[in-house]
Undergrad: 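Before I ask anything, let me first share the structure, which is written out below as C-alpha cells.
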Amino acid sequence: MAGDADLIEDGLLALAGQEDAFRLMLFDRFFAAYPARRPAFLAFDASSRRMADETLQLLHGLATEAHWVWPHIADLVDLHRAYGALADAEYDLFIDLTVETACALGGATPAAVAAWQRQAALLKALVQRAGADWAAALPR
C-alpha cells in the first residue's frame, strides 16, 4: 500500500536521532515479557541494533511490496532456530512492541498507527508461514 509506505517512512524519519532510545525501550519491554531470552544476547549492542533495524526495514519493505521481504523473513526465521523453539507469541510480541515503540517515539498519527499495524499483521503472518515451512522441510 503506497499510503502505508509513506506513513511508515514518515515515522522512520521521525525516529531519526532516537535510535538508541527506540532500541533500548523496545528491548526493555521485550525482556520484561521474556526475561529468559536476555542471556541469548551475548553481544547485546550489536544484535539488538540489527534486530530493531531489520524489523523496521521489514515493515517498510512490506508496505512498499519489496520483493526481498519474503526471502529475508524466511532466512531470519531459520537463523533464529539456533536459539531454540521460539513461539509465534514471541515473534508477535516483538513485532507489536516494535510498532508501539516506533509510534510512541515518532509521535504517530492515528492513520500512521493503523498503517504500522497493517504491516505488522502481514509480517506476523509471514513469520508464521516461514516457521511452518521450515518445520515441514526439516526433520526434527
Side-chain angles (χ1 to χ4, degrees):
M1 294 182 170
D4 282 4
D6 292 339
L7 290 167
I8 289 173
E9 188 171 319
D10 289 345
L12 293 172
L13 291 171
L15 290 174
Q18 301 183 79
E19 294 85 0
D20 284 338
F22 165 77
R23 175 178 58 89
L24 295 174
M25 184 183 301
L26 168 60
F27 277 89
D28 282 348
R29 295 177 72 199
F30 180 75
F31 290 144
Y34 291 99
R37 289 295 178 198
R38 187 181 294 271
F41 288 79
L42 300 176
F44 175 75
D45 190 63
S47 54
S48 65
R49 287 175 193 278
R50 181 174 178 177
M51 281 181 62
D53 289 349
E54 284 176 333
T55 306
L56 292 171
Q57 290 168 16
L58 288 167
L59 291 163
H60 184 256
L62 284 167
T64 63
E65 300 178 358
H67 297 292
W68 58 265
V69 173
W70 167 246
H72 192 61
I73 292 169
D75 183 51
L76 287 173
V77 170
D78 179 46
L79 291 173
H80 281 83
R81 292 165 39 90
Y83 298 97
L86 280 86
D88 288 342
E90 286 184 69
Y91 284 109
D92 289 354
L93 180 66
F94 190 83
I95 294 165
D96 287 340
L97 291 175
T98 299
V99 167
E100 290 171 15
T101 305
C103 289
L105 287 177
T109 65
V113 171
W116 282 97
Q117 289 173 338
R118 280 189 292 274
Q119 300 315 310
L122 289 173
L123 179 54
K124 288 188 263 186
L126 290 172
V127 166
Q128 289 177 8
R129 176 180 150 199
D133 286 356
W134 282 114
L138 299 174
R140 295 193 185 251

Undergrad: Identify, with sequence neighbours excluded, every residue that meets side-chain hydrogen bond (donor to acceptor under 3.5 Å, both in side chains) alongside Glu100.
TA: Arg29

Undergrad: Keeping to residues at least two apart or across chains, list the ring pair (Phe, Tyr, Trp, His ring centres under 6.0 Å) pairs with something in residues 92-127.
TA: Phe27-Phe94, Phe30-Phe94

Undergrad: Holding to side-chain hydrogen bond (donor to acceptor under 3.5 Å, both in side chains), I want the full list of residues that pass it with Arg49, two or more places apart in sequence or in another chain.
TA: Asp20, Asp45

Undergrad: Please name all residues satisfying salt bridge (Lys or Arg N to Asp or Glu O under 4.0 Å) with Arg38, sequence neighbours left out, ordered by chain then number.
TA: none

Undergrad: Could you tell me which residues satisfy side-chain contact (heavy atoms from CB on, under 4.5 Å) with Ala66, sequence neighbours excluded, listed by chain and number?
TA: Thr64, Trp68, Val69

Undergrad: Mind listing the side-chain donor-acceptor pairs of residues 53-61 below 3.5 Å, one per line with the distance, residues two or more places apart or on another chain?
TA:
| unit_1 | atom_1 | unit_2 | atom_2 | d |
| --- | --- | --- | --- | --- |
| Glu54 | OE2 | Arg50 | NE | 2.9 |
| Glu54 | OE2 | Arg50 | NH2 | 3.4 |
| Thr55 | OG1 | Met51 | O | 2.8 |

Undergrad: Where is the tightest heavy-atom contact between Ala52 and Phe22, given as atom of each residue plus distance?
TA: CB-CE2, 3.8 Å

Undergrad: Do you reckon Tyr34 sits in the same ILVMFWY cluster as Met25, going by side-chain contacts under 4.5 Å, direct or chained?
TA: yes

Undergrad: Given the rule that I, L, V, M, F, W and Y join up when any side-chain heavy atoms are under 4.5 Å apart, are Val99 and Leu15 in one cluster?
TA: yes

Undergrad: Among residues at least two apart in sequence or on other chains, which ones pass side-chain contact (heavy atoms from CB on, under 4.5 Å) with Thr109?
TA: Ala111, Ala112

Undergrad: Looking at every heavy atom in both Leu93 and Ala33, which two are closest together, and how far apart are they?
TA: CD2-CB, 3.3 Å

Undergrad: Identify each donor-acceptor pair in which a side-chain atom of residues 120-137 lies under 3.5 Å from a protein atom, sequence neighbours left out, and give them as a table.
TA:
| unit_1 | atom_1 | unit_2 | atom_2 | d |
| --- | --- | --- | --- | --- |
| Lys124 | NZ | Asp96 | OD1 | 2.7 |
| Lys124 | NZ | Asp96 | OD2 | 3.3 |
| Trp134 | NE1 | Ala74 | O | 2.8 |

Undergrad: Are Leu12 and Leu62 connected into the same hydrophobic cluster when the rule is that any two of I, L, V, M, F, W, Y join if their side-chain heavy atoms are below 4.5 Å apart?
TA: yes

